[in-house]
Amino acid sequence: MPVHVLSEGAGPGAQVPAHLTRISISLISTSIDCSKKTVKGKVVHKGRLVSLADDDFILKTVIQEEDSQPDTTSINVVLLGALAKDFNQAVNQGVSRPPPPADPRSPLAAKRSSTLSAEVSRAPKAPKYTYVKLGDLKPGAVVNVYGVVVFFKQPFKSRGTDFCSTLKITDPSNRKIGCTVFCEKLDNHPKIFRIGDIIRMHRVKTQFFNDSITLVNTFGFSVVTFDGTVGGAVEPRASSRSFHFDQEDRRTVEELRSWAASQTVLPSAPTIPLSAVQPKAYFDLTCQLLARADIDCTCTLLRVWDGTRCPHRLLKVIVAPDAIEGPSSFSTEKEKLIANILAYDNHVESAKQLKIGDFLRIYNLRAIPGSSKVPGLTSSQSDQVDHLAFHLHGGTAYGRGIRVLPENSPDVQELKRTIEGFAEDDELNDSALLEIWSTPPESPSDAGTAESSTERSCSHDVQPTTLSELKRSDPGGVHHVRVQLRSYEPQRLHQALKLYCSKCTSMQDVPDDELVAGLFSEASGDSGPCTPPAWALSGRVNIPGGSSGSSKRALGVHLSTQLMSEGKTKELIFLMGSTLAETCRLASGYQNIVPVRSSGGQLTLLDLSAPFLFRGRKRYYGCRRCSEAALREPSAEGVELIDEKIVAEALGIQLLKFCLLMKLELQDATDTLEVFLWRDAELFFSVSAEDAAANQEAQDRIRQTMDFLSSPEGSTGECPWLDVCLSAYRAADDGGQNRTCYQICHTAFTKLPSEPARS
DNA sequence: GTTTAGGGTTAG
C-alpha cells in the first residue's frame with residue numbers, strides 16, 4: 001500500500017479517494033465506524049521502524065490536527081507490515097511550524113481534556129516542546145530556545161507602539177545570540193533580574209542581522225525565566241497567564257545552571273551594598289524605596305536604603321517636605337543609611353511607576369564624588385564637596401534602568417534580613433508604636449536571686465546591668481537585665497494582636513467581628529446581575545445550617561476553570577453574598593474561600609478591611625495601601641498547596657502579617673523600665689501570632705504566660721524573675737522629639753506550668 | 001500576519 005504525503009495547502013479531495021470522508025480527530029471514538037473515514041493532520045511524532053520478522057514491521061506515529069489544541073486532537077497510530085515500512089520512508093516528522101499553536105495548559109485545552117479525555121482514545125499527552133540549541137539556529141525559522149542571559153536591558157519604550165527588551169543569551173554551544181522582545185505590556189516581557197538568569201522562550205523567529213542570527217518574538221510568544229543560582233529553587237517567573245512547566249524543564253534549568261557556573265567567560269556583575277560602594281564606580285544596587293520626590297521634569301529623587309551604611313559621606317538633597325512622597329524625614333540613625341539617587345530623563349517615567357516600599361534593583365548606578373551641582377535645591381553646596389552622589393543617568397546603555405523585584409526573590413529575602421537586622425535598633429522609630437502606648441514609669445522594688453523563667457538565646461557577650469545603670473548608659477546597643485514584670489498592656493490580650501505590613505511598615509489593629517460582619521452584609525446588598533470573569537465557572541453551594549437551626553440557603557460560588565481541570569475544585573472557591581458566619585461555616589469544607597461581591601455588574605473583591613481569604617479558622621488580610629487588588633484566576637501550576645501567599649499574589653494583595661505587640665513595665669531593685677515586646681514576641685511566647693489570631697490554645701498560652709509572670713510565686717511571694725536581652729534604640733515621637741526605646745529580643749519564656757489537658 | 005531595535009555609559 002503506497003503512502004502519499006499531502007502537499008501543504010492541497011484541497012481535501014485532491015489526492016483522497018472519493019468514497020472516504022474526512023472527520024475531525026476530536027470526533028473519533030470507539031463507537032464510531034472509522035472504516036470509511038480519513039483524518040488530516042501533521043505528523044508530530046514518528047517512531048522508529050521496528051522489525052518484527054522478515055518483511056514485517058511496526059511503527060508508531062502521532063498525527064495532530066492542525067489549528068487545534070494539542071492535547072485534545074492528536075491520535076496515536078500504529079502502522080503494521082509494509083505500510084509501516086512505506087510510511088517510514090515517505091514521511092518526515094513535520095515541524096515546519098512551531099508545534100503547538102497554544103499553550104497546552106490554556107484554560108480551553110484544560111476544559112476540553114477534562115470533559116473528553118475519558119471518552120476518546122487519543123494521544124495521552126501534549127507533544128513536548130522541542131528546543132533548538134543556539135548553535136543549531138538557522139535563519140527563517142520559528143523556534144523554542146533555552147539560554148543563559150549574558151546581557152540584558154530592562155524593557156524601554158520603543159519609537160513604535162511597544163516596549164522593547166534587548167538581551168543576549170548563550171548556551172553550551174557557546175554561541176551568543178542577541179534577542180529582541182517587543183510587547184506592548186511590560187508584564188509580558190522577560191523578568192530578568194541579573195546576568196546568569198536562565199531564560200526559556202517559545203515561538204521566537206530567527207533573523208539575520210549584521211552577519212549573525214538574532215531572535216525576535218513572534219505570534220504566540222511566551223517567556224519564562226529562572227534564577228541562575230546552582231542549587232536554588234527552580235521557580236518559573238512567567239510572563240504569561242499560563243505556561244507549561246514540567247520535570248524536563250526543571251532538568252534543563254539545572255543543567256544550564258551548572259554549565260554556566262563552570263563558565264568563567266560569563267560576566268559577573270554582583271550587586272554591591274551601599275557599604276561597599278566605590279567612588280566613580282558604576283554598580284547595581286538592590287534596595288528598598290523609602291521616599292520619592294520630583295526635582296524637575298528630567299530628574300526624580302529616589303531615597304533608598306539597603307540596611308548597610310556607606311562609608312563615604314553622602315550628598316544631601318533638600319526638597320520641600322510637601323514635594324516628597326513617603327515620609328519626609330526619618331530617625332537620625334536611619335537617615336545615615338539612606339542614599340539619595342537622582343534618576344534622569346527616561347528613568348523619571350519608570351521612577352513614577354514605583355511604589356514606596358518597593359524592593360528595587362537599580363542597574364548601572366553611578367557614584368559620583370564631589371558633586372555639587374544638582375538640579376533643584378541642595379543644601380549649602382560648599383560643605384557638599386567630596387560627598388558621594390548617586391546618579392542614574394539617562395539612556396539604557398549597559399542595561400541602565402530600574403526594576404521592581406518580587407518580594408519572594410532570594411535577593412529581596414536577603415535584603416529584608418539585613419534591613420530587619422537594623423530594625424532591631426531602629427524600626428520602631430516612627431511614631432506608630434509611640435502613638436499606641438504612653439504611660440510613664442514608677443518606682444523600684446527589691447532584687448532577687450531566684451531561678452529565671454526565661455532564657456536568652458542571643459550571642460551578645462554583655463554583662464547584666466541594673467535598670468538604673470541601663471538608663472544612665474548611652475542610647476543604643478543591647479543590654480542584659482534581670483527583672484520582674486510589674487505590669488503590662490494591653491490587659492485584654494486580643495488587643496495585642498496587630499496586622500503589620502512589611503512593605504510600608506504600617507501597623508493596624510485586627511478588625512473586630514462586628515466590623516467585618518458589617519462589611520459582609522454591606523457587600524451582599526448589591527444583588528444586581530453580575531458578570532463573572534471568563535475563567536470562572538459559576539454555581540451554587542448549600543450553606544450548612546448553623547447550630548441554631550437557621551434556615552439552609554444556597555449561595556453563588558465561582559470556581560477557577562483551571563483548578564477544576566486539575567482536580568482542585570475544592571481547594572479554592574470565590575463565595576458571593578454570604579454572611580461572615582456562613583463564610584466561617586463553609587471554611588471547614590473548603591481549603592480557601594475568597595469572599596466576592598457584585599459591584600456595578602462586575603464580580604470584585606470585598607473592601608480590604610475585610611479578610612480577603614478564609615483558610616480554615618485563619619483569616620488573612622491585605623494592606624490597603626500597598627495592594628493592587630483585582631479578581632484574577634490564580635495559577636496553581638506545579639503548586640503543591642494553594643496557600644495564602646499564592647492567593648494573595650494572584651489577587652495583587654500585599655499580605656499583612658499578624659504580629660503581637662505588648663508594652664511591659666519591668667522592675668528590679670534599682671528602677672523600672674518600659675519596654676516593648678514585638679519583634680521577638682513569637683519567640684517569647686513560643687506561639688505564632690497567626691495561630692494566636694485563630695486558635696484558643698495559642699491564646700491560652702499567652703494568657704498563662706502573662707498570668708504566671710504577674711502572680712506571686714511560692715514562699716517568696718515575689719513575681720518570677722526574668723533574664724532578658726533588651727535592645728535600645730532612638731525613636732522620634734509625635735512631636736519629632738527623639739527618645740530612647742527598649743525592646744525585648746532573643747528571649748523566650750521557658751517555665752510554663754503544665755498545660756491543661758484538652759479534648 | 002509584524003513598525004519598534006539590532007547593547008557598549010551622562011556629561012545633570
Side-chain angles (χ1 to χ4, degrees), chain A residues 67 96-98 101-102 137 139-142 147 149-170 176-186 188-190 192 194-195 199 203-221 266-267 269 278-285 293-302 315 317 319 340-348 351 362-378 381 384 387-402:
Chain A
D67 308 323
S96 63
R97 282 193 225 161
L137 288 174
V142 174
V149 175
V150 293
F151 170 78
F152 66 103
K153 281 183 182 187
Q154 295 305 328
F156 57 92
K157 198 93 191 84
S158 74
R159 283 175 223 267
T161 56
D162 297 332
F163 280 94
C164 173
S165 291
T166 58
L167 51 140
K168 193 168 271 180
I169 62 176
T170 189
K176 294 197 176 53
I177 299 289
C179 314
T180 309
V181 174
F182 294 109
C183 283
E184 207 167 346
K185 289 186 190 150
L186 281 172
N188 297 332
H189 280 259
I192 305 172
R194 68 199 318 160
I195 285 167
I199 186 168
R203 292 165 285 259
V204 282
K205 60 183 175 191
T206 54
Q207 286 183 343
F208 242 114
F209 182 76
N210 276 349
D211 293 337
S212 47
I213 285 195
T214 60
L215 295 171
V216 184
N217 61 313
T218 182
F219 300 108
F221 168 76
L266 279 182
Q278 297 297 319
K280 293 187 184 170
Y282 288 96
F283 65 106
D284 296 345
L285 178 68
D294 289 332
I295 301 285
D296 59 38
C297 65
T298 71
C299 182
T300 293
L301 169 69
L302 299 176
L315 178 82
V317 182
V319 183
N340 292 315
I341 293 173
L342 295 163
Y344 290 95
D345 303 340
N346 51 319
H347 308 299
V348 167
I362 304 180
Y363 300 91
N364 199 239
L365 195 54
R366 191 174 189 203
I368 300 181
S371 171
S372 58
K373 276 204 249 167
V374 175
L377 298 163
T378 60
Q381 294 187 352
Q384 291 294 310
H387 284 52
L388 275 191
F390 296 107
H391 287 224
L392 185 65
H393 293 303
T396 62
Y398 283 86
R400 191 177 302 134
I402 306 175

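Protein chains get the first letters and strands the later ones, always in sequence-line order, with residue 1 at the start of each.
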Asks: Can you tell me how far P of dT2(B) sits from CG of N188(A), to the nearest Å?
Replies: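 The answer, rounded to whole Å, is 20 Å.
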Asks: Rounding to an integer number of Å, can you tell me how far H393(A) NE2 sits from dG8(B) P?
Replies: 15 Å
Asks: Has the side chain of T206(A) got a donor or acceptor atom that lies under 3.5 Å from a matching backbone atom of G140(A)?
Replies: yes
Asks: If you check every side-chain atom of T161(A), which of dA5(B), dA11(B), dT4(B) has the closest atom?
Replies: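 Shortest atom-to-atom distance from the side chain points to dT4(B).
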Asks: Counting heavy atoms from C-beta on, name the nucleotide in dG12(B), dT3(B), dA5(B) closest to the side chain of S158(A).
Replies: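 Nearest to the side chain of S158(A) among the choices is dA5(B).
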Asks: Using the P atom on both, measure dG6(B) against dT10(B) and round to a whole Å.
Replies: 14 Å
Asks: Rounding to a whole Å, what distance do you find between I295(A):CD1 and dG12(B):P?
Replies: 16 Å
Asks: Between dG12(B), dG1(B), dA5(B), which one does the side chain of V216(A) approach most closely?
Replies: dA5(B)
Asks: Using a 4.0 Å heavy-atom cut-off across all strands, classify K168(A) as base, sugar-phosphate, or nothing.
Replies: base
Asks: Rounded to the Å, how far apart are H189(A) NE2 and dA5(B) C1'?
Replies: 12 Å
Asks: Of the nucleotides dT9(B), dT2(B), dG6(B), which one has an atom closest to the side chain of T218(A)?
Replies: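 Among the listed nucleotides, the one closest to the side chain of T218(A) is dT2(B).
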Asks: Figure out the CD/P separation between Q207(A) and dT3(B), and round it to whole Å.
Replies: 11 Å
Asks: Please enumerate all residues that pass side-chain hydrogen bond (donor to acceptor under 3.5 Å, both in side chains) together with T166(A), with sequence neighbours excluded.
Replies: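 Applying side-chain hydrogen bond (donor to acceptor under 3.5 Å, both in side chains) to T166(A) gives none.
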Asks: So, taking the atom named NE2 in H347(A) and the one named CG in L302(A), what distance separates them when rounded to the nearest 0.5 Å?
Replies: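 That separation rounds to 11.0 Å.
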Asks: What's the base orientation of dG8(B): syn (chi within 90° of 0) or anti?
Replies: syn
Asks: How long is the straight-line distance from OG1 of T300(A) back to CG of D294(A), given to the nearest 0.5 Å?
Replies: 4.5 Å
Asks: Do the rings of F283(A) and F390(A) sit parallel, tilted or perpendicular, given the 30° and 60° boundaries?
Replies: perpendicular
Asks: Are the ring of Y282(A) and the base ring of dT9(B) both nearer than 5.5 Å at their centres and tilted by less than 30°?
Replies: yes
Asks: Determine, answering yes or no, if Y344(A) is stacked on dG12(B) under the 5.5 Å centre rule and the 30° plane rule.
Replies: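 Aromatic stack with dG12(B) present for Y344(A).
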Asks: Using a 4.0 Å heavy-atom cut-off across all strands, classify N210(A) as base, sugar-phosphate, or nothing.
Replies: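 N210(A): no heavy atom of the nucleic acid under 4.0 Å.
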Asks: Ignoring backbone atoms, test whether K153(A) places a side-chain nitrogen or oxygen under 4.0 Å from the OP1 or OP2 oxygen of dG8(B).
Replies: yes
Asks: What is the distance, rounded to the nearest whole Å, between atom CG of L342(A) and atom C1' of dT10(B)?
Replies: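 Interatomic distance, CG of L342(A) to C1' of dT10(B): 13 Å.
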Asks: What nucleotide, of dT10(B), dG6(B), dG12(B), holds the atom closest to the side chain of T180(A)?
Replies: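 That would be dG6(B).
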Asks: For G178(A), which contact category applies under a 4.0 Å heavy-atom criterion: base, sugar-phosphate, or nothing?
Replies: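 Result for G178(A) = nothing.
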Asks: Does R159(A) have a side-chain nitrogen or oxygen under 4.0 Å from the phosphate oxygens OP1 or OP2 of dA5(B)?
Replies: yes
Asks: Which whole-number value in Å describes the distance from F151(A) CZ to dT9(B) P?
Replies: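 Atom CZ in F151(A) sits about 11 Å away from atom P in dT9(B).
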Asks: Report the distance from atom CD1 of I213(A) to atom P of dA5(B), rounded to the nearest whole Å.
Replies: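 Taking CD1 of I213(A) and P of dA5(B), I get 22 Å after rounding.
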Asks: Under 5.5 Å between ring centres and under 30° between planes: true for F182(A) and the base of dA5(B)?
Replies: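 Per 5.5 Å and 30° rule: no stacking.
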Asks: Using the closest heavy atom to pick a nucleotide of DNA chain B for each, name whichever of N217(A) or C164(A) lands nearer the 5' end.
Replies: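 That would be N217(A).
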Asks: Can you tell which of dG12(B), dG1(B), dG6(B) lies closest to the side chain of F209(A)?
Replies: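 Nucleotide nearest to F209(A)'s side chain: dG6(B).
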Asks: T298(A) has a side chain; which of dG8(B), dG12(B), dT9(B) sits nearest to it?
Replies: dG12(B)
Asks: List in chain and number order the residues that pass side-chain hydrogen bond (donor to acceptor under 3.5 Å, both in side chains) with K153(A), two or more places apart in sequence or in another chain; answer none if no residue qualifies.
Replies: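 Here the qualifying residues are T396(A).
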